[in-house]
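This report concerns only the one structure given below.
Counting convention: from 1, in listed order, for ligands and their atoms alike.
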Amino acid sequence: MPAVAPADLIVTGCTALRHTDPDESDPGRGADGIHFVPDTAVVVREGVIAALTDTATAAALPAASRIDARGLVALPGLVNCHTHSPMVALRGYAEDLPEQEWFNDRIWPVESNLTPRLVALGARLACAEMIRGGVTCFADHYFAMEAVAGVVEETGLRADLGEAFFSSQGAEGRARSLDFARSHRGRAGGRITTSLAPHAPYTVDDEDLAATAALAHAHGLPVHLHAAENRAQTDTALARHGRTPVETLRRTGILDTDVLIAHGTGILERDLPALRAAEGRTAVATAPRGYLKFGWDTTPVRALVGAGVHVGLATDGAASNNTLDVWEAMALTALTQKRHEADPRWLTARQALWHATLDSARALGLGDRIGSLAPGRRADLVLVDLSGPRTQPVHDLAATLVHSARADDVRTTIVDGRVLMHDGELTTVDVPSVLGELRTLLPDLLERVPGRRIQEYDT
Ligand SMILES: [Zn+2]
């Protein structure tokens, strides 16, 4: 009998968050299946979870490296389903403003100064923040995305990347988005997937959206865009065009693609049949912190789940959200959903964990690869230390994770079996050097030329 080759990595002694049936496709039922298994060992080979066993059994297995995780909780890595990672460079730059002024007077003027170098530095800082906070995968929607792809490759994270475009760029914007998506998908050993990334129905016209839907079908690509971000956008769309933003997505064929819609706080009851009938995978990313800051209502998660829509958690960019903390998005989703529904029984801690893990993975079309600690899935996991005073004692582990733990309780972050943070130390990003260079470039970024902006916010 041939000797068993050593595992690449074995994590022993943790309590693991498991999904009873990670292939369960009924979106309403997944949260019931979340449970915790003590004394788990995770055996990793070639970037994949080869087996989940117990510590005593794992002790007999040869391994190239081991992590003793006694006292820690292992979760599937969190997924940030919608962000603009380089915007960390504008963290705190435009505060306490309504969205029109935020876009037109602050953000879109300075975004006309972006360079690939600034984008790369911002993305690197963002990746450091996300690795620290237990995020192992993010969906990014921005400009100069070749630079972000390079950063994803070097930092070891997983990402779905889309080159954003407006119709004001002409057909060239759409062509560039397609070219990026085709040339970068599968990069970084398969850690990079790509999407077409029209900005939103109010900045991309119907003809351009219809052409995007046709390209998505022709090239087997998903679509990631903003839509029905807030109620005012929906009301304006109804007044101007007699249809909601979601109805525009249906008319233009976008809903027949695999689509990820950012925000959707302006989704109405009348939109639900179209979402339910959509032919592709339909998902909405919810980023509640920004909604609270702009004074918006939140995403109607209960109605969307009822319509068969995947709901993933997100942070949006740090210029509006201030952090890329998906842990916080998980807690805020639970809290804002209770308020939205006026129902303390809706959006339990288990449901929040389910959205943060498996349903977020499904929102990106990665539900069969990540999102759950299960044999055959990629080894994307985080180890959390709940021994501190704010997380003790533990009566209900799901509640402790969602409502007591914080992102900085994450000790170790692993993607594809590679350790990107070990016991609080980042292994792939040199944060002081990133910050040093970023600071020298910030004056160029923040220079404002009167009348110059990359786009006009007029929904
Ligand atoms: Zn956004």
> Are any N, O or S atoms from H263 nearer to the Zn ion (ligand 1) than 2.8 Å?
Replying inline: no

>> Strictly below 4.0 Å, N to O, side chains only: are K338 and D343 in salt-bridge contact?
In response: no

>> Does atom CZ (R339) have a neighbourhood of more than 12 heavy atoms from anything else shown, all under 6.0 Å?
In response: no

> What is the ring orientation for F180 with H184, classed by angle as parallel under 30°, tilted 30 to 60°, or perpendicular over 60°?
Replying inline: parallel

> Is H82 close enough that one of its N/O/S atoms sits under 2.8 Å from the Zn ion (ligand 1)?
Replying inline: yes

> Hey, which N, O or S atom on D316 ends up closest to the Zn ion (ligand 1)?
Replying inline: OD1

>> Going by ring pair (Phe, Tyr, Trp, His ring centres under 6.0 Å), name the pairs with one or both residues in residues 435-459, residues two or more places apart or in two chains.
In response: F103-Y457, Y202-Y457

